[in-house]
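In this chain, numbering begins with 1 at the start of the sequence shown.
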Amino acid sequence: MAAAQFVLLCTLLSVTLAAGARYDPTWESLDQRPLPAWYDEAKFGIFLHWGVFSVPSFAGAWFQEFLLNKRPDVVEFMKKTHRPDFTYADFAAQFTAEFYNPDEWAEIFNASGARYVVLTTKHHEGFCNWPTKYSFNWNAMDVGPRRDLVGDLANSIRKKSILKFGIYHSLFEFVNPYFKHDQRNKFQTQDFVRFKTMPELYELVNLYKPDVVWSDGQWMAPSSYWNSTHFLAWLYNDSPVKDTVVTNDRWGSDTLCKHGGYYTCHDKFNPGVVQEHKFEDATTIDRSAWSYRRNAQLKDFNTIEQLISQLVVVVSCGGNFLLNAGPTSSGMIGPIFEERLRQVGKWLNVNGESIYGTRPWSTQNDTATPGVWYTSKTSAAGISVYAITLSWPRGDMLELAAPQTGPATTVRLLGYRGYFDFKSGPTSGMTVMIPPIPVTLMPCQWAWVFRIDNLENL
C-alpha cells in the first residue's frame, strides 16, 4: 500500500471511530478516543486572555489573587491609582469593551494564518464573558460590556474567517464561596462543581458549539472531584460537537500530561524532541504575562524571529503552537500583538506548505547545520521533506546531514522558482548550492524552507 493511501485510510478510520464509538466515563475509555484530524492538520492557533484583569492591566491575569495575597508591587499599584476602599469587583464596571469589534478580530486572526482561536470564557477570577445563568451580576451581560463577548466572537469567526472557534474555561475560582467550602472540606464535597463548574461547561458547549474545550485550573483537586470524566463522556458521546471537539489534559490534578485529547504538560511546553502523544505549546507574545499589560516594554515581547523559531520547533516535534495575545479592556488587539500575528501570517503565506498538515520526519533537527528543523508531508506524488532553516545559509551553500539523496531527488526553495543544484555526500547528506537571489525576489524575511522530494530515507 502506498504511503499516501495508508495515511488516507488512517484518517478515515479515525473519523469513523470518533463518529461511531461510545465512551465510558473512565480515563481508560476516554483516552481511546481518536483526536479529530482537523486539529493535527491545523498546527497553529491563537489564545486570548481577556477579562476583568484586563482593566488594571498590571501583573497579569492573576491580579485578583496577587491583591488578596498582598503582593507588594500590586498593593503599591492599587495605593497609587485607586481609592482606599476600591475592590477587585469594582473593576468590572470599567471592563467596557467599547471598541470591541469581533469582525476586526476575525480579520486579524485570519491574516495570521492561524486555523483556530481559543477565547477565555472565564478565568480564575470567575467573571464570565457570556450571559450565563450561573453567575449573577458577575458576567459580561450584567455588568461592564453589557454584551455577549463569547457569542459575538464565535459568530464573527465562523462568518468572517476559516478558523475554528474554541473556548478556555477555568474549573476553579479564586474567591467563590462554594469553592472555598469544598476546599475546606478537602474536596470531599462537590457543591462548587454541581452548582457552578459543570453547569457552565454544559451551557457553553450547548450555546456556542466550540471545537476546542481548553480546560484549566485543575491542579488543586483530582478529576473525580471535578466530575471531569462524566462531562467528557457526554462531550464525546452526545454533545452537539461530539465528532469534532478536541480537549486538553487539564481536568484534574491527576491528568496533566497523562489524560485528555492532547497534552499541554505545562505552560510554554516546547520539548524540542518528538513526543509520543499529540501536544500543544501554549505560549505568549508578551514573555511576562498572558494578559495585556499597560507597563509592558518593547523588550518584553518576543520578536517575530523568536516566534517563528518556536512555531517551527514545535511543529517539527509533532505539536501545535497556540500563541497568546492579550486584548485591552476596551476590546482592542494592541498594535504590537497585531503586528506579530500579521507577520506570522506573512511567513505562512509563503511557507505554510511546510507547516499545515505535516508530520514529524525521521529526523527533527539537522546535525551539520544548526537551526535546521524538518517536517514532512505525504501526497500522491510521494513524501516531501521540508528543511526549515532559521538563518540564511552562509557561503551560498546549505549543508544537511540527514537527507539521503537518490537519482530522482530535487530541491527547491518555497516561494522561489526553479530547482537548486546539490551535491550528495559519500554515504548520506547533501550540500544545496544556492544561486544568487536578488533581494526583490527573496521569498520571505525570517526563516526559509527548502523542499526536498524523492529522498531515499523516508
| said: Closer than 3.5 angstrom, by distance alone: can the side chain of Thr197 be matched with the main-chain N or O of Leu171 as a donor-acceptor pair? | reply: yes

| Can Asp216 and Trp251 be said to form a side chain to side chain contact (heavy atoms under 4.5 Å, CB included), step by step? | CA-CA 7 Å; Asp216 196 18; Trp251 296 100; over 6 Å; no

| Stepwise side-chain hydrogen bond (donor to acceptor under 3.5 Å, both in side chains) check, Thr189 with Asp182 | CA-CA 5 Å; Thr189 55; Asp182 288 348; 2.6 Å; yes

| query | What is the ring orientation for Phe231 with Trp234, classed by angle as parallel under 30°, tilted 30 to 60°, or perpendicular over 60°? | reply | tilted

| Whether Phe91 and Phe63 hold their rings parallel, tilted or perpendicular, with breakpoints at 30° and 60° | perpendicular

| Parallel, tilted or perpendicular: which fits the ring planes of Trp226 and Phe192, with parallel below 30° and perpendicular above 60°? | perpendicular

| Can Ser223 and Trp27 be counted as having a side-chain donor-acceptor contact under 3.5 angstrom? | yes

| said: Ring of Phe44, cation from Arg115 - is the NZ or CZ under 6.0 Å from the centre and inside 45° of the axis? | reply: no

| field | Centroid-centroid distance, Phe172 to Trp219, less than 6.0 Å | value | yes

| Salt bridge flag under 4.0 Å for residues Asp249 and Lys278 | no

| request: Measure centre to centre between the rings of Tyr262 and Phe279, then say whether the value is under 6.0 Å. | output: no

| Side-chain (Ser135) to main-chain (Trp138) donor-acceptor, under 3.5 angstrom | yes

| Relative to each other, are the rings of Trp62 and Phe174 parallel, tilted or perpendicular (30° and 60° limits)? | perpendicular

| query | Any salt bridge (charged side-chain N to carboxylate O under 4.0 Å, His left out) pairs touching residues 328-341, not counting sequence neighbours? | reply | Glu338-Arg342

| remark: Residue pairs meeting disulfide (SG to SG under 2.5 Å), one or both in residues 235-302, sequence neighbours left out, come to Cys257-Cys265

| Applying salt bridge (charged side-chain N to carboxylate O under 4.0 Å, His left out), which residue pairs with at least one partner in residues 296-323 are found, sequence neighbours left out? | Arg293-Asp300

| message | Distance alone, cut at 3.5 Å: any donor-acceptor contact between the side chains of Gln306 and Thr303? | response | yes

| Counting distance only, does the side-chain N/O of Ser329 pair as donor-acceptor with the main-chain N or O of Val55 below 3.5 Å? | no

| query | So, Lys160 versus Asn155: side-chain donor-acceptor pair below 3.5 Å or not? | reply | no

| message | Given 3.5 Å as the limit, does a donor-acceptor pair link the side chain of Asp24 with the main chain of Ser29, or not? | response | no

| said: Between Tyr225 and Gln190, do the side chains contain a donor N or O and an acceptor N or O under 3.5 Å apart? | reply: no

| request: Quickly, which of Glu125, His124, Gln64, Lys196 forms a side chain to side chain contact (heavy atoms under 4.5 Å, CB included) with Glu173? Name it, please. | output: Lys196

| task | Would you please indicate if the ring centroids of His123 and Tyr168 are separated by under 6.0 Å? | result | yes

| Under the 3.5 angstrom rule, does the side chain of Asn139 hit a backbone N or O of Asp142 as a donor-acceptor pair? | yes

| query | Leu323 and Thr283: side chain to side chain contact (heavy atoms under 4.5 Å, CB included), yes or no, with the steps? | reply | CA-CA 5 Å; Leu323 184 59; Thr283 193; 4.1 Å; yes

| request: On the 0 to 90° scale, with breaks at 30° and 60°, tag the Phe95-Trp50 ring pair as parallel, tilted or perpendicular. | output: perpendicular

| Less than 4.0 Å between a side-chain N and a carboxylate O, is that true for Asp152 and Arg147? | yes

| field | Tyr263 side chain vs Glu280 backbone, donor-acceptor pair below 3.5 Å | value | no

| For Glu107 and Ser161, does a side-chain donor sit closer than 3.5 Å to a side-chain acceptor? | no

| Residue among Lys122, Arg194, Lys133 satisfying salt bridge (Lys or Arg N to Asp or Glu O under 4.0 Å) with Glu200 | Lys122

| Between Trp373 and Ser316, what is the shortest heavy-atom contact and its length? | CE3-OG, 3.6 Å

| field | Distance-only polar pair, side chains of Asp453 and Ser384, donor-acceptor under 3.5 Å | value | yes

| query | Gln310 and Lys268: side-chain donor and acceptor closer than 3.5 Å? | reply | no

| query | Which residue pairs pass the salt bridge (charged side-chain N to carboxylate O under 4.0 Å, His left out) test when at least one of the two sits in residues 43-62, sequence neighbours left out? | reply | Asp40-Lys43

| said: Give me each pair satisfying ring pair (Phe, Tyr, Trp, His ring centres under 6.0 Å) with a member in residues 307-357, each pair once, sequence neighbours excluded. | reply: Phe301-Phe337

| query | Using the benzene-type ring in the case of Trp, are the ring centres of His181 and Phe179 under 6.0 Å apart? | reply | no

| Chi angles and distances behind the side-chain hydrogen bond (donor to acceptor under 3.5 Å, both in side chains) call for Asp148, Tyr208 | CA-CA 11 Å; Asp148 183 356; Tyr208 305 114; 2.8 Å; yes

| task | Indicate whether any N or O donor in one side chain lies under 3.5 Å from an N or O acceptor in the other, for Thr264 and Asn248. | result | no

| query | So, the side chain of Asp366 versus the backbone of Ala401: is there a donor-acceptor pair under 3.5 Å, distance only? | reply | yes

Give every donor-acceptor pair under 3.5 Å between a side-chain atom in residues 269-277 and any protein atom, sequence neighbours left out.
residue: Gln275; atom: NE2; partner: Val273; partner atom: O; Å: 3.1
residue: His277; atom: NE2; partner: Gly261; partner atom: O; Å: 3.1

| query | Any chance the rings of Tyr386 and Trp361 have centres within less than 6.0 Å? | reply | no

| query | Donor-acceptor pair, Ser112 side chain versus Leu341 backbone, under 3.5 Å? | reply | no

